[in-house]
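Just so you know, these numbers use all the heavy atoms, side chains as well, and skip hydrogens, waters and symmetry mates.
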Amino acid sequence: MLRLGLAYSAIVFAVGFALGTVRTLWLVPRLGQRWAELAEMPVMVGASWLAAQGLFARSGLSRWAAAGAGLLALTLLAGVEVAVVLRLRGLSWGEYVASRDPVSGSVYLAALLLFALLPVLVVSFAGRGRP
C-alpha cells in the first residue's frame with residue numbers, strides 16, 4: 001500500500017509539473033489563468049486515471065488498503081505541490097490561497113478528491129476489492 005501510494009503520487013506529480021510548465025509558459029498568456037487551469041484539469045484527471053489503472057487494477061488490494069494508498073498519495077501530492085509552488089513563486093501560504101481563482105481552484109479541489117478516490121474505484125471495478 002505504501003509503495004503504491006508513493007508511486008501514484010510521484011507519477012501524477014511528474015505529469016502535473018510538466019503540464020504546469022506548459023500551462024504557465026504557453027496557455028496562460030493566451031487564455032488567462034482561469035481558462036488555462038481549466039484546460040489542464042481534464043488532462044490531469046486522465047493522467048490520474050491511467051496511473052491508478054496501471055498501479056491498482058491488479059494489485060489485489062482491498063478497498064480499505066486502496067483508500068489508504070489514495071489518502072497517502074493525496075497527502076504527498078498536496079504537500080510536495082504546495083512546497084514547490086510556494087518556493088518557486090516565493091509566496092506565503094496565505095498569498096498562495098488568496099491567489100487561487102475561485103472557479104478553477106474549486107475544480108482543482110474536486111480533481112484532488114477524485115485523485116484520492118481513484119485507487120478505490122479502480123480496485124472496486126477490477127473486481128478485486130474486498131470490504
Side-chain angles (χ1 to χ4, degrees):
M1 177 186 83
L2 294 175
R3 184 180 52 80
L4 290 173
L6 179 61
Y8 182 46
S9 65
I11 291 167
V12 174
F13 178 79
V15 172
F17 191 83
L19 287 175
T21 302
V22 170
R23 175 178 38 84
T24 301
L25 296 178
W26 291 292
L27 292 179
V28 170
R30 289 166 179 79
L31 303 175
Q33 188 72 30
R34 174 181 289 175
W35 289 105
E37 288 177 359
L38 290 173
E40 179 184 17
M41 226 38 66
V43 178
M44 284 304 302
V45 169
S48 298
W49 173 255
L50 289 174
Q53 277 290 120
L55 292 168
F56 294 98
R58 290 182 290 279
S59 68
L61 289 180
S62 70
R63 288 183 192 116
W64 287 107
L71 287 174
L72 171 65
L74 175 64
T75 302
L76 292 170
L77 181 71
V80 170
E81 184 172 335
V82 168
V84 168
V85 167
L86 294 180
R87 173 156 279 184
L88 287 177
R89 294 178 58 194
L91 298 174
S92 70
W93 173 251
E95 292 168 329
Y96 172 71
V97 171
S99 73
R100 296 296 307 198
D101 177 78
V103 173
S104 61
S106 298
V107 172
Y108 172 71
L109 287 176
L112 283 178
L113 291 175
L114 182 59
F115 167 79
L117 289 173
L118 279 172
V120 176
L121 295 174
V122 167
V123 164
S124 296
F125 287 126
R128 305 221 187 266
R130 297 178 302 277

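L4 and V120 fall into different hydrophobic clusters, where Ile, Leu, Val, Met, Phe, Trp and Tyr side chains are chained together by heavy-atom contacts under 4.5 Å. In terms of hydrophobic clustering, with Ile, Leu, Val, Met, Phe, Trp and Tyr side chains grouped at heavy-atom distances under 4.5 Å, L74 and L61 are assigned to a common cluster. In the hydrophobic clustering of this structure, L112 groups with M41; members are Ile, Leu, Val, Met, Phe, Trp, Tyr whose side-chain heavy atoms approach within less than 4.5 Å, directly or through other members. Linking Ile, Leu, Val, Met, Phe, Trp and Tyr whenever their side-chain heavy atoms come within less than 4.5 Å puts L77 and V107 in one cluster. By the rule that hydrophobic residues join a cluster once side-chain heavy atoms approach within less than 4.5 Å of another member, V43 and F115 end up as members of one cluster.
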Could you pull out every donor-acceptor pair under 3.5 Å between side chains of residues 47-56 and any protein atom, sequence neighbours left out?
from : atom 1 : to  : atom 2 : distance (Å)
S48  : OG     : M44 : O      : 2.9

Side-chain donor-acceptor contacts of residues 78-86 below 3.5 Å, not counting sequence neighbours, with atom names and distances?
from : atom 1 : to   : atom 2 : distance (Å)
E81  : OE1    : Y108 : OH     : 3.0
E81  : OE2    : Y108 : OH     : 2.7

Side-chain donor/acceptor pairs under 3.5 Å, residues 12-19, sequence neighbours excluded:
none

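For the side-chain hydrogen bond (donor to acceptor under 3.5 Å, both in side chains) test, residues two or more places apart in sequence or in another chain that qualify with S92 are E95. For E37, the side-chain hydrogen bond (donor to acceptor under 3.5 Å, both in side chains) partners are Q33, S104, not counting sequence neighbours.
Atom CG in L113 sits 11.0 Å away from atom CG in L118 (nearest 0.5 Å).
Residue pairs meeting the salt bridge (Lys or Arg N to Asp or Glu O under 4.0 Å) criterion with at least one member in residues 39-49, sequence neighbours excluded: R23-E40. Pairs passing the ring-ring contact (aromatic ring centres under 6.0 Å, His included) check and including a residue from residues 72-93, sequence neighbours excluded, read W93-Y96.
Closest approach of G70 and P119 over heavy atoms only: CA-CG, 3.9 Å. Across all their heavy atoms, A73 and G5 have their closest contact at CB-O, 3.4 Å. Of all non-hydrogen atoms in A36 and L27, the two that sit nearest each other are CB-CB, 3.7 Å. Heavy atoms only, all atoms of each residue included: R100 and G105 are closest at NH2-CA, 3.9 Å.
Side-chain heavy-atom separations under 4.5 angstrom define the hydrophobic clusters, and the remaining members of the one that includes L76 are M1, L2, L6, L72. Clustering of Ile, Leu, Val, Met, Phe, Trp and Tyr by side-chain heavy atoms under 4.5 Å joins L25 with V22, W26.
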Checklist entry - Between L38 and L31, is a side-chain contact (heavy atoms from CB on, under 4.5 Å) present by the stated rule, with each step listed? => result CA-CA 10 Å; L38 290 173; L31 303 175; over 6 Å; no

